[in-house]
Amino acid sequence: MTGTGKTVTRVDLCEAVYQKVGLSRTESSAFVELVLKEITDCLEKGETVKLSSFGSFMVRKKGQRIGRNPKTGTEVPISPRRVMVFKPSAILKQRINGDASAGKGKEAHDE
């Protein structure tokens, strides 16, 4: 299953803010960059970023484990690291699956 093939970039987000909010292009770009920086800073500190009706970004720790090189089959140690996971809200899941009425006044179902 594939999407539409379109990838939304920072430029697309800035353009959407410019057209829908009415800020100048420079202000729109600064606004988008500020929001992304705040999210990044929080995740870097290990905090969870929860956006109502959208979802949650979380940082999880993974311990060291032994992996396997798929080409050669040799065992390779994988060092401990932090990974980011995204858990979509129930409203976002419903919208992705075509339920257009989802998210309108249903904040209680948001995760």
Side-chain angles (χ1 to χ4, degrees):
M1 188 165 153
T2 60
T4 60
K6 169 131 174 69
T7 300
V8 177
T9 64
R10 287 175 190 251
V11 173
D12 296 325
L13 294 175
C14 293
E15 185 64 22
V17 170
Y18 169 71
Q19 290 182 359
K20 294 179 181 174
V21 177
L23 299 174
S24 70
R25 288 189 192 276
T26 304
E27 290 169 332
S28 299
S29 176
F31 178 79
V32 169
E33 291 300 325
L34 181 65
V35 170
L36 294 175
K37 182 180 181 325
E38 188 65 27
I39 292 171
T40 302
D41 289 347
C42 291
L43 291 170
E44 189 177 6
K45 290 185 268 184
E47 298 173 356
T48 295
V49 177
K50 183 176 180 181
L51 303 172
S52 180
S53 303
F54 186 73
S56 299
F57 295 94
M58 295 165 277
V59 177
R60 289 197 180 143
K61 292 179 181 176
K62 292 188 133 187
Q64 183 174 358
R65 66 182 177 93
I66 300 297
R68 191 172 295 276
N69 183 329
K71 281 188 178 177
T72 63
T74 57
E75 291 186 350
V76 179
I78 299 174
S79 58
R81 65 199 183 283
R82 295 191 318 165
V83 296
M84 190 189 74
V85 294
F86 174 72
K87 183 177 180 184
S89 71
I91 293 170
L92 180 59
K93 286 180 188 175
Q94 289 172 345
R95 288 194 61 180
I96 288 172
N97 288 308
D99 183 2
S101 65
K104 295 182 180 174
K106 292 187 173 186
E107 290 291 320
H109 295 290
D110 190 23
E111 294 179 46

Worksheet item: Taking only residues two or more places apart in sequence, or in another chain, which ones meet Lys71 in a salt bridge (charged side-chain N to carboxylate O under 4.0 Å, His left out)?
Response: none
Practice prompt. Apply side-chain contact (heavy atoms from CB on, under 4.5 Å) to the pair Lys6 and Asp12, showing each step before the final yes or no.
Written response: CA-CA 11 Å; Lys6 169 131 174 69; Asp12 296 325; 3.3 Å; yes
Worksheet item: Crowded around Glu38 CD? As in, over 12 foreign heavy atoms under 6.0 Å?
Response: no
Practice prompt. Measure centre to centre between the rings of Phe86 and Phe54, then say whether the value is under 6.0 Å.
Written response: yes
Response to the item:
Residues Ile66 and Pro77: closest non-hydrogen pair is CD1-CA, 4.0 Å
Discussion item. Let me confirm one number: the CE-CG distance from Met58 to Leu43, rounded to the nearest 0.5 Å.
Written reply: 10.0 Å
Fill in: Side-chain heavy-atom pair Arg25, Glu15 within 4.5 angstrom cut-off
yes
Item to complete: Answer with yes or no whether the hydrophobic clustering places Val35 together with Val8; edges join I, L, V, M, F, W, Y residues whose side-chain heavy atoms lie under 4.5 Å apart.
Response: yes
Discussion item. Would a single hydrophobic cluster contain both Leu92 and Ile39, if residues Ile, Leu, Val, Met, Phe, Trp and Tyr are joined by side-chain heavy-atom contacts under 4.5 Å?
Written reply: yes
Worksheet item: When clusters are formed by joining ILVMFWY residues with side-chain heavy atoms under 4.5 Å apart, either directly or through shared neighbours, do Leu51 and Val17 land in the same one?
Response: yes
Item to complete: Inspect the surroundings of CD in Glu44 and state if more than 12 heavy atoms from other residues, nucleotides or ligands are less than 6.0 Å away.
Response: no
Worksheet, complete the sentence: Nearest heavy-atom contact between Gln64 and Pro80 is CB-CD, 3.7 Å
Practice prompt. State, to 0.1 Å, how close Val49 and Cys42 come at their nearest heavy-atom pair, and which atoms those are.
Written response: CG2-CB, 3.8 Å
Worksheet item: What's the shortest heavy-atom distance between Gly73 and Arg68, and which atoms?
Response: O-NH1, 2.7 Å
Item to complete: Would you name the heavy atoms of Asn97 and Lys93 that are closest together and state the gap between them?
Response: ND2-O, 2.9 Å
Worksheet item: Given side chains that start at C-beta, do those of Val21 and Glu27 come closer than 4.5 Å, heavy atoms only?
Response: no
Worksheet item: Counting only N and O atoms by type, is there a donor-acceptor contact under 3.5 Å from the side chain of Arg10 to the main-chain atoms of Ser29?
Response: no
Discussion item. Less than 4.0 angstrom from a charged side-chain N to a carboxylate O is my criterion; do Asp41 and Lys37 meet it?
Written reply: yes
Worksheet entry | OG1 on Thr48 to CZ on Arg60, rounded to 0.5 Å | 9.0 Å
Worksheet entry | Nearest non-hydrogen partners of Tyr18 and Ser24, listed with the distance | CD1-C, 3.8 Å
